[in-house]
Asks: 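Following this message is one structure expressed as structure tokens.
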Amino acid sequence: MRTLIVSDIHSNLAALEAVIRAAEADGPLDGAWCMGDVVGYGPRPVETVRLLRSLGAACVMGNHDAGTVGRISLADFNEDCRIADEWNASRLDDETREFLLALPETLESDGFTLVHGSPAAPLWDYLGFTSDAQEALDLAPTPDVLVGHSHFQFVNRDGAFEGGLRRNPVRPERTAERGDGRLIVNPGSVGQPRDGDPRAAYAVYDSGAGTLSLRSAAYDIRATQRAMEAADLPEWLIVRLGEGR
Ligand code: ZN
């Protein structure tokens, strides 16, 4: 079974389409896991949720999903972010809003805990930045953990970040094997990478081989930027897509 692992898509339909194409080029997908922030920031919230759901994805809630549907207040978000998320909220149809409102904060599947931030603070902890990997492992009910939120692609084994947590203009491809210690993996952000490489980041779990392959897919960044310009979304949010930060 091959499962697509995505996070922080942020209404970037072109990026999600490119990720699915790239993952399917290596073989058929049997399902998908998503660690939240499907919407917010970007220009295509409804279409992005529909495409994710068409994969039969199991998905947890991110802070931007929660903010966009009014589960938490946008007042504490920075101004660009609040403007973009209020715009996202204004575009939602009933079906999309209900899907987002019903997302759980954590899920367990195949020995993985899925959570946006970390088990200690599912919506808020930036694992590796504001919270500790060992604490996450102590609290997780499963051997391995999948997170999002920081928009950095990484592999952490037994509390140690393999290759560190550095910005890199070309994100390296790597493969993590399960079973040798406990893993925390962030597939990176599909729709707004911040680790230096503007390509869409994702991962694929192969349950037969017990491996997670961390990958990147080029997409039409200008198409997303043009859609954001047409929606009059904040300039910095448009610029950062081209810079991967
Ligand atoms: Zn995010």
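It should be emphasised that the depicted structure is a prediction, and the values quoted were computed from it without experimental measurement. As the structure lists them, so they are numbered: ligands from 1, and atoms in each ligand from 1.
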Asks: Of all N, O or S atoms in D37, identify the one at the shortest distance from the Zn ion (ligand 1).
Replies: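 Result: OD2.
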Asks: Among H151, R171, R166, whose side-chain hydrogen bond (donor to acceptor under 3.5 Å, both in side chains) with D195 holds?
Replies: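 Only one option passes, and that is R171.
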Asks: Counting only N and O atoms by type, is there a donor-acceptor contact under 3.5 Å from the side chain of R2 to the main-chain atoms of A23?
Replies: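 Side chain of R2 to backbone of A23, a donor-acceptor pair under 3.5 Å: yes, one is there.
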Asks: Give, rounded to 10 degrees, the angle between NE2 (H151) and OD1 (D8) as seen from the Zn ion (ligand 1).
Replies: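 H151 NE2 and D8 OD1 form an angle of 90° at the Zn ion (ligand 1).
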Asks: Please determine if R178 forms a cation-pi arrangement with F112, meaning its NZ or CZ atom is less than 6.0 Å from the six-membered ring centre and no more than 45° off the ring axis.
Replies: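 Yes - R178 lies over the ring of F112, closer than 6.0 Å to its centre and within 45° of its axis.
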Asks: Are the side chain of D158 and the backbone of L183 linked by a donor-acceptor contact shorter than 3.5 Å?
Replies: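 It does not hold such a pair.
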Asks: So, is H116 placed with an N/O/S atom under 2.8 Å from the Zn ion (ligand 1), counting both backbone and side chain?
Replies: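 Not a single backbone or side-chain N, O or S atom of H116 is under 2.8 Å from the Zn ion (ligand 1).
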Asks: Which single N/O/S atom of H10 lies at minimum distance from the Zn ion (ligand 1)?
Replies: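 Among the N, O or S atoms of H10, the one closest to the Zn ion (ligand 1) is NE2.
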